[in-house]
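One structure is given below, encoded as structure tokens.
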There are 2 protein chains.
Amino acid sequence: MSRSGAEMADGRSLAERLGPSIESTRDQEATALDLVLTCVRSGIMSGLIEPGERLRQEELAEIFATSRIPVREALRALEYEGLVTSEPHRGFTVTALDGDLVDEIYELRILLEGQAVRLAVPLLTDEDLRDIEALYREMQESDDPDRALAARERFYLRLYSVSGRPRLVGLIVRLRQEVARALRWPTLQHGASFHQHFFEAIQDGDAERAVSQLTTHYQRVAVLIRRYLRESEGRTRGTPQERWLPRSESADR
Amino acid sequence: MSRSGAEMADGRSLAERLGPSIESTRDQEATALDLVLTCVRSGIMSGLIEPGERLRQEELAEIFATSRIPVREALRALEYEGLVTSEPHRGFTVTALDGDLVDEIYELRILLEGQAVRLAVPLLTDEDLRDIEALYREMQESDDPDRALAARERFYLRLYSVSGRPRLVGLIVRLRQEVARALRWPTLQHGASFHQHFFEAIQDGDAERAVSQLTTHYQRVAVLIRRYLRESEGRTRGTPQERWLPRSESADR
DNA sequence: CCAACCCGCATTGGATACATTCTAGACGTG
DNA sequence: CACGTCTAGAATGTATCCAATGCGGGTTGG
């Protein structure tokens, strides 16, 4: 327990990678649970914490200057969100995305987001469209990638919420979150043009055209991510010890 | 702490209702968390624990002879599954099904189960069909409602798993679980005839006919459940103190 | 030199205890 | 009688401590 930052992945210890996020988030979150939850989630989604990396409760507790209890609850919450995986008495690891999982998630996203679009578009009011257009502009014009990504998520959330289906929207949000990491990877050259076509179809009230745009785009993105995963398969990232192979084939649980 | 069974709903204390399930489940589950999770979940789904009933952590901890920590983690897991709802500093309650929620869940089930059927039917092997037919017969011929229900769930699980989409199947299982309580209510007179048509379509390899059967059946069931909810709205079940009205309109969270 | 066994350590799972925050009901007052 | 306040109780959030499990290194025998 004396070694403070022995676990490395991209050369820096977990504490070093998470440090900045902690200080900016502290005092914004009411409880230690929320602090850990927010920081670890953004760390995973931003790629700071790599897929397959092991998350030790005590190490995180030390980093966040708290006890293991809030850490455990935060990790369990992340497990429900799909971002980490746990096995009894073996601990938590960041869920690794494999090609099959990515394909299935994008297939589900096409199904669910398509349904949300079909339900929402006929119900759009002028106020909805104004809000959505503002988010669209923020997303397209922002130079900061983080801001652009955040605006994009709010854009979709705002649009889909019009459907009046909270459960559907909740499922979509979780699926998007699960693959958000992958969007950091160099897959989104033609994202801007898709968003333009998609938004124009929304503006025109043409749900089917929007769904069609969305479908072909997601299919393409899934292929790109799969290719990226295959290409990066050879070069091992992180030390082999930290690269943590699951014991069983796929404990989906 | 001295009052062992002060909380009643159908006349028996929570401990009395959960007791048998505990003893039969203990030693099968690895951790205390799994024990509480399994017992409370089956208690909710079987109707032993009523919608709207309050679940106090300390009471459950006492019942399961454990501490509050595994109880809390189990309740959080059930919250994620949608079976219980929590509000800060007010505790956990069994999620009450309202008509809108039921409608949305059945809409989602039509979407997701329809997709699973379309994916699975073309892939069915002879072995798959044999297994599925065995489960179908068990479901139709069993006199014990519990056995019939269990067989039905395994029937659908076996069928949908053929699709090779574990995430899709997982979502379906959770949605079915959420409304499983409602199926205890007198809504399924014509269930048998639907299952027959559905199974025959599966046997014929006609996915679209199966999806069409499923769609109209689920739409009808949703209407029946909604009517049942409206009719039973007047007569309060349980003592008024236990009947726990949500404070806000719909904290879906 | 290699393999199998065994012991020790690291890590997770769980229990108890305490501080804090909120709710709900009773009480008093305008 | 209505409304605000106050207080007792409970539920939550967290820390610390103990038990159980799994993994790896070391040792010993062939």
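Atoms considered below: every heavy atom in the structure, side chains included; atoms not considered: hydrogens, waters and symmetry mates. Note that the structure is a prediction, hence the values are computed from the model and not measured. Each chain gets a letter, A, B and so on, in the order the sequences are listed, and its residues count up from 1.
Remark: Arg54(B) fails to qualify as a cation-pi partner of Phe92(B) under the 6.0 Å distance and 45° angle criteria applied to the six-membered ring.
Distance, Asp34(A) CG to dT12(D) P: 15 Å, rounded to whole Å. If you take CD1 of Ile69(B) and C1' of dT16(D), they are 11 Å apart, rounded to a whole angstrom. Between the CZ atom of Arg54(A) and the C1' atom of dC23(D) there is a distance of 9 Å, rounded to whole Å. When rounded to the nearest whole Å, the span between CZ of Phe92(A) and P of dT12(C) equals 9 Å.
Arg154(B) is linked by a side chain to side chain contact (heavy atoms under 4.5 Å, CB included) to Leu135(B), Glu138(B), Ala151(B), counting only residues two or more places apart in sequence or in another chain. Looking at residues two or more places apart in sequence or on another chain, you find a side chain to side chain contact (heavy atoms under 4.5 Å, CB included) between Leu119(A) and Gln115(A), Ser163(A), Arg165(A), Leu168(A), Glu107(B).
In this model, the phosphate group of dG13(D) is approached by a side-chain N or O of Arg72(B) to a distance below 4.0 Å at OP1 or OP2. Listed pair Gln57(A) / dG13(C) meets the phosphate criterion, a side-chain N or O lying under 4.0 Å from OP1 or OP2. Using a 4.0 Å cut-off, some side-chain N or O of Arg56(A) falls inside it from OP1 or OP2 of dT11(C). One finds no side-chain N or O of Thr31(A) lying less than 4.0 angstrom from the OP1 or OP2 phosphate oxygen of dT12(D). Put simply, Thr66(A) has no side-chain N or O that comes within less than 4.0 Å of OP1 or OP2 on dT14(D).
Checked by distance alone, Arg68(B) brings no side-chain donor or acceptor within 3.5 Å of a matching partner on the base of dG14(C). At a cut-off of 3.5 angstrom, the base of dG13(C) holds no donor-acceptor pair with the side chain of Arg90(A).
Among the heavy atoms of the strands, none lies under 4.0 Å from Glu73(A).
The CG atom of Leu224(B) sits 11.0 Å away from atom CG of Leu229(B), with the distance rounded to the nearest 0.5 Å.
Closest approach to the Arg76(B) side chain among dT14(D), dG13(D), dA11(D) is made by dG13(D) (side chain taken as heavy atoms from C-beta onward).
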